[in-house]
Structure formats: C-alpha cells, structure tokens
Amino acid sequence: MTSSDESKEDRDFRRSRFIGRVRRELKLALQDAAKKGVTQKQIAEALGVNPSVITRRLNGSANLTLATIGDLAWALDKYPRLRLFSAAELESNPGSNSAEMYKTRVSGGYLGASKSELLVESGKKTKITVIEA
C-alpha cells in the first residue's frame with residue numbers, strides 16, 4: 001500500500017467515524033426526547049419535513065449537512081458542538097473522552113482506544129480479535 005493509499009484510507013476512516021458519531025449523538029437525543037413524550041413525527045412537523053426524512057438521515061441513506069444537524073438540534077432543544085483534536089492531544093490524554101477517537105490500525109481494520117470497535121467501510125466487514133494482556 002502506498003503512502004497516498006494510506007492517507008486516503010485514514011481520511012476515509014476519520015470521516016466515517018465522525019459521521020457515525022454525529023448520527024449516534026442525534027439518535028441518543030431522539031431517544032431522550034421520546035422518553036419525555038416527544039415523537040419523531042412531532043420533531044419532523046417542527047422542521048416541516050416528513051418523518052421518513054429524519055429516519056433516512058439518521059440511518060445513513062441520506063446526507064447530513066451542518067444545516068440539518070443544526071435544525072435537528074434546534075428541534076430537540078439541544079446545542080451542537082464540534083471540537084477538533086490533534087493526534088498529540090489525543091495521545092497525551094488517553095483517559096479522556098477525546099482519546100476515545102484515537103485509533104490504531106490493526107491488520108486491515110481499526111481498533112478504538114477504549115474498546116475494540118468494528119468499522120464497516122465501503123460495505124466490507126473486518127473482524128478484529130483483541131487479546132488483552
């Protein structure tokens with residue numbers, strides 16, 4: 001694998017990981033809203049969209065734009081936040097939530113710093129076996 005291939009693979013990984021985290025956060029916020037009696041249909045009505053639009057955006061079959069994230073956050077009475085970390089920041093603070101984003105490449109897959117995680121890229125599944133010392 002060339003350096004260019006590795007760079008693209010890393011870029012793809014970081015993008016996929018970020019998008020997945022955003023979707024997960026939005027889904028958690030929807031679950032919290034549901035516990036308070038707010039339905040996905042009510043959220044969709046507040047945004048002037050069909051509930052299926054929200055479903056497609058959260059399950060990955062439709063793109064999430066920053067505007068969409070902002071709209072969903074508003075409808076959920078939440079405030080979105082983004083923070084960028086350097087590799088040095090992540091490595092120097094391994095116990096923090098930010099360190100959770102740090103990854104190590106393991107034989108064609110990726111391993112999250114906190115626990116093993118399976119990343120599905122381009123429809124390929126990679127099995128990762130972790131043996132802890």
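Computed from a predicted model, the values in this text were never measured in an experiment. For reference, positions follow the sequence shown, starting with 1.
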If I take atom CG from residue Leu26 and atom CD1 from residue Ile54, how far apart are they, to the nearest 0.5 angstrom? 10.0 Å
Below 3.5 Å, can you tabulate the donor-acceptor pairs from side chains in residues 27-36 to any protein atom, sequence neighbours excluded?
residue : atom : partner : partner atom : Å
Lys27   : NZ   : Leu58   : O            : 3.3

Scan residues 45-55 for pairs that pass side-chain hydrogen bond (donor to acceptor under 3.5 Å, both in side chains), counting only residues two or more places apart or in two chains. Gln40-Thr55, Asn50-Ser52, Ser52-Arg56
Is the number of heavy atoms from other residues, nucleotides or ligands under 6.0 Å of Arg15 CZ greater than 12? yes
Enumerate, atom names and distances included, each donor-acceptor pair closer than 3.5 Å involving a side-chain atom of residues 63-73, sequence neighbours excluded.
residue : atom : partner : partner atom : Å
Thr65   : OG1  : Ala67   : N            : 3.4
Thr65   : OG1  : Thr68   : N            : 3.0
Thr65   : OG1  : Thr68   : OG1          : 2.9

For Gln42, which residues count as a side-chain hydrogen bond (donor to acceptor under 3.5 Å, both in side chains) partner, sequence neighbours excluded? Thr39
Val38 with Val49, same ILVMFWY side-chain cluster at under 4.5 Å: yes
Hydrophobic cluster identity match, Phe85 and Val22, side-chain contacts under 4.5 Å: no
By salt bridge (charged side-chain N to carboxylate O under 4.0 Å, His left out) - contacts of Lys8 (at least two apart): Asp12
Sequence neighbours excluded, the answer for side-chain hydrogen bond (donor to acceptor under 3.5 Å, both in side chains) partners of Asp77 is none
Closest heavy-atom pair, Arg57 versus Arg23, reported as atoms and distance to 0.1 Å, is O-NE, 2.6 Å
Go through the steps to decide whether Ile43 and Trp74 satisfy the test side chain to side chain contact (heavy atoms under 4.5 Å, CB included), and finish with yes or no. CA-CA 10 Å; Ile43 293 167; Trp74 169 82; over 6 Å; no
